[in-house]
**Student:** 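Please see the structure below; I have some questions.
Every heavy atom of this structure was used, including side-chain atoms; hydrogens, water molecules and symmetry mates were not. Because the structure is predicted, anything quoted here is derived from the model rather than measured. So that the names make sense, note that chain A is the first sequence line, chain B the second, and so on, each numbered from 1.
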Number of protein chains: 2
Amino acid sequence: MVDETADSAAPSRLMNTPSWLMTQTATHAHRMVSEGFAAAEARAYHYRLLAALEEFGPASQAALGRRCGVDRSDMVAMINELADRRLLERAPDPSDRRRNIITITPAGSRQLRRLDDVLAEVQEELLAPLDAGERGQLAGLLARVLRHHQRGQ
Amino acid sequence: MVDETADSAAPSRLMNTPSWLMTQTATHAHRMVSEGFAAAEARAYHYRLLAALEEFGPASQAALGRRCGVDRSDMVAMINELADRRLLERAPDPSDRRRNIITITPAGSRQLRRLDDVLAEVQEELLAPLDAGERGQLAGLLARVLRHHQRGQ
DNA sequence: GCAACTTTGTTGGATCATCCCACGATCACG
DNA sequence: CGTGATCGTGGGATGATCCAACAAAGTTGC
């Protein structure tokens with residue numbers, strides 16, 4: 001029997017490159033989160049928007065997009081979808097008629113809490129090989145990298 | 001003057017979620033690598049293929065795809081592009097007429113070494129806030145997560 | 001040796017996330 | 001008042017990933 005890992009092992013150049021490790025683990029993370037949310041009949045970006053609304057209160061579409069790193073254009077479809085499911089409400093801003101004020105509904109808050117549970121399970125599966133301390137280390141290191149590249153932009 | 005970070009701060013639910021930190025940092029990493037390679041008139045996947053060929057020697061398109069996690073379909077266009085630039089050669093396998101044997105050329109090896117330098121610069125910029133020890137920690141943790149999810153697939 | 005299954009390269013298309021541009025409406029400021 | 005910026009919206013480009021189907025060629029079991 002031939003060693004099955006022989007022709008599936010990635011080049012060491014890649015396995016030693018942080019950016020490769022990041023994009024590869026992110027691909028797994030993204031797939032697992034998407035599948036987890038799909039099982040709850042939700043999409044990944046639902047969580048982003050609901051979380052932002054829950055934490056910071058009602059906001060315009062543009063402000064919401066800035067928080068979550070989503071383009072204004074793409075916010076439209078996302079909010080359409082969430083509004084169709086009555087998870088948030090889109091109302092015109094009386095003090096600025098260009099804006100819509102997006103507000104999370106009670107059903108949206110409930111859905112957010114449900115997605116919290118789903119997401120916690122996915123993190124557990126994603127980080128299975130790491131203990132609690134290592135998970136904290138990883139999150140801390142990534143957060144520092146992320147903060148560094150979010151500065152001034 | 002209003003605090004400009006006030007409406008750009010991401011929800012804490014996201015900043016505390018490892019999968020979010022992974023996908024976000026990976027987005028930055030991917031963008032920086034793409035830009036770095038574009039400046040060298042190369043694409044991100046060029047490096048993958050050249051690295052695999054340099055380390056493991058000539059291989060069929062399918063074997064190459066398995067190593068680098070690239071679909072057979074997508075290998076075709078990638079190899080076309082690299083073959084057009086004479087960075088690798090595609091020759092029929094005499095012992096199995098279904099297969100093509102892909103071989104890196106001297107120009108391909110030179111290009112790989114040039115891309116090594118580009119990539120090293122990008123890693124430096126990407127991981128700027130971390131010292132050498134922390135970079136090792138991060139790479140080690142990500143590699144363990146990655147290995148865990150690559151098992152048996 | 002022959003039928004059934006698998007592998008390989010290739011084409012074509014689907015999906016998804018991200019990004020950019022242009023438009024009309026509205027607002028802010030000189 | 002008029003110039004420039006912002007907002008929601010629509011349209012489209014891009015790039016990465018994935019899947020289906022196909023013919024040609026190999027492999028396996030009977």
Side-chain angles (χ1 to χ4, degrees), chain A residues 2 4 7-8 19-20 22-24 26-35 37-38 42-49 58-83 88 90-102 153, chain B residues 2 4 7-8 19-20 22-24 26-35 37-38 42-49 58-83 88 90-102 153:
Chain A
V2 181
E4 291 169 0
D7 70 338
S8 71
S19 66
W20 168 261
M22 284 183 185
T23 54
Q24 287 305 104
T27 298
H28 284 281
H30 184 264
R31 183 180 41 77
M32 291 168 64
V33 169
S34 294
E35 289 173 358
F37 280 170
R43 290 174 168 275
Y45 54 73
H46 289 189
Y47 187 79
R48 292 197 234 174
L49 303 190
S60 72
Q61 299 184 192
L64 215 44
R66 271 182 299 251
R67 275 200 195 287
C68 306
V70 176
D71 196 85
R72 288 204 317 281
S73 317
D74 305 317
M75 288 294 305
V76 182
M78 297 184 187
I79 292 184
N80 283 342
E81 197 173 321
L82 287 168
L88 51 79
R90 172 156 44 189
D93 184 342
S95 76
D96 184 341
R97 309 219 307 277
R98 294 170 303 177
R99 292 183 173 145
N100 291 330
I101 296 186
I102 311 300
Q153 170 226 13
Chain B
V2 180
E4 291 169 359
D7 70 339
S8 71
S19 67
W20 168 261
M22 285 184 184
T23 54
Q24 287 305 105
T27 299
H28 285 282
H30 184 264
R31 183 180 41 76
M32 292 168 64
V33 169
S34 294
E35 290 174 357
F37 280 169
R43 290 173 170 277
Y45 55 72
H46 289 189
Y47 187 79
R48 291 196 236 174
L49 303 191
S60 72
Q61 299 184 192
L64 214 45
R66 268 177 301 234
R67 274 200 196 288
C68 304
V70 176
D71 195 87
R72 289 203 317 279
S73 318
D74 306 317
M75 289 293 306
V76 181
M78 297 184 186
I79 293 184
N80 283 342
E81 195 173 322
L82 288 167
L88 51 79
R90 172 156 43 189
D93 183 343
S95 77
D96 185 339
R97 310 219 308 277
R98 294 170 304 178
R99 293 185 172 139
N100 290 332
I101 296 186
I102 311 300
Q153 169 226 17

**Student:** Respond yes when some side-chain nitrogen or oxygen of B/Gln61 is under 4.0 Å from OP1 or OP2 of C/dT7, and no when none is.
**Tutor:**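 So the side-chain polar atoms of B/Gln61 never come under 4.0 Å of the phosphate oxygens OP1 or OP2 of C/dT7.
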**Student:** Which whole-number value in Å describes the distance from B/Arg48 CZ to D/dT17 C1'?
**Tutor:**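 Result: 10 Å.
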**Student:** Should the side chain of A/Arg98 and the base of D/dG8 be counted as holding a donor-acceptor pair, with the cut-off at 3.5 Å?
**Tutor:**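 No such pair is found, so the answer is no.
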**Student:** Quick one: A/Ile79 CD1 to D/dC7 P, roughly how many Å, whole number?
**Tutor:**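 Rounded to the whole Å, the gap is 13 Å.
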**Student:** Using atom CZ of B/Arg66 as one end and atom C1' of C/dT6 as the other, report the distance to the nearest whole Å.
**Tutor:**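 B/Arg66 atom CZ is separated from C/dT6 atom C1' by 12 Å.
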**Student:** How many Å lie between CD1 on A/Ile102 and P on D/dG8, as a whole number?
**Tutor:**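 That distance rounds to 7 Å.
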**Student:** Answer with base, sugar-phosphate or nothing: what part of the nucleic acid does A/Arg97 contact at a heavy-atom distance below 4.0 Å?
**Tutor:**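 Sugar-phosphate contact only.
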**Student:** Hey, is the main chain of B/Cys68 close enough, under 3.5 Å, to the side chain of B/Arg48 for a donor-acceptor pair?
**Tutor:**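 A pair under 3.5 Å: yes.
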**Student:** Rounded to the Å, how far apart are B/His28 NE2 and C/dT18 C1'?
**Tutor:**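 Taking NE2 of B/His28 and C1' of C/dT18, I get 13 Å after rounding.
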**Student:** Taking CG from A/Asn80 and P from D/dG10, how many angstroms apart are they, rounded to a whole number?
**Tutor:**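 Atom CG in A/Asn80 sits about 7 Å away from atom P in D/dG10.
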**Student:** Quick one: does A/Arg90's side chain get under 4.5 Å of A/Gln61's, heavy atoms only?
**Tutor:**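 Sidechains of A/Gln61 and A/Arg90: in contact.
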**Student:** Return the 5'-most residue of the pair B/Ile101, B/Thr27 with respect to DNA chain C, ranking by each residue's nearest nucleotide.
**Tutor:**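 Looking at DNA chain C, the more 5' nearest nucleotide goes with B/Ile101.
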**Student:** Specify the residue among A/Ser73 and A/Asp96 whose closest nucleotide of DNA chain D lies further upstream toward the 5′ end.
**Tutor:**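 With A/Ser73 and A/Asp96 compared, the 5'-side residue is A/Asp96.
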**Student:** Quick check on DNA chain D: between A/Asp71 and B/His30, whose nearest nucleotide comes earlier from the 5' end?
**Tutor:**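 This one resolves to A/Asp71.
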**Student:** Using only side-chain N and O atoms of B/Arg90, determine if any of them is under 4.0 Å from OP1 or OP2 of C/dT10.
**Tutor:**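 For C/dT10, OP1/OP2 do have a side-chain N/O of B/Arg90 under 4.0 Å.
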**Student:** Quick check: any donor-acceptor pair below 3.5 Å linking the side-chain of A/Asn100 to the base of D/dC7?
**Tutor:**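 By the distance-only test, no, there is no pair.
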**Student:** To the nearest 0.5 angstrom, please state how far the CG atom of A/Leu88 sits from the CD1 atom of A/Ile101.
**Tutor:**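 So the gap between those two atoms works out to 13.0 Å.
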**Student:** By nearest nucleotide on DNA chain C, pick out whichever of A/Met78 and B/Arg99 is the more 5' one.
**Tutor:**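 Here B/Arg99 is the residue nearer the 5' end.
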**Student:** Hey, is the side chain of B/Arg72 poking within less than 4.0 Å of OP1 or OP2 on C/dT6, counting only N and O atoms?
**Tutor:**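 So the side-chain polar atoms of B/Arg72 never come under 4.0 Å of the phosphate oxygens OP1 or OP2 of C/dT6.
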**Student:** Applying side-chain hydrogen bond (donor to acceptor under 3.5 Å, both in side chains) to A/His28 and A/Arg31, what does each step give before you reach the verdict?
**Tutor:** CA-CA 5 Å; A/His28 284 281; A/Arg31 183 180 41 77; 2.9 Å; yes
**Student:** Please find the pair of heavy atoms, one from B/Arg72 and one from B/Ala62, that lie closest to each other, and give the distance.
**Tutor:**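 Between these two residues, the closest heavy atoms are CD-CB, 4.2 Å.
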**Student:** Rounding to a whole Å, what distance do you find between B/Asp74:CG and C/dT10:P?
**Tutor:**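 Rounded to whole Å, this separation is 13 Å.
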**Student:** Round to the nearest Å and state the distance from B/Met75 atom CE to D/dA16 atom C1'.
**Tutor:**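 Taking atom C1' of D/dA16 as the reference, CE of B/Met75 is at 15 Å.
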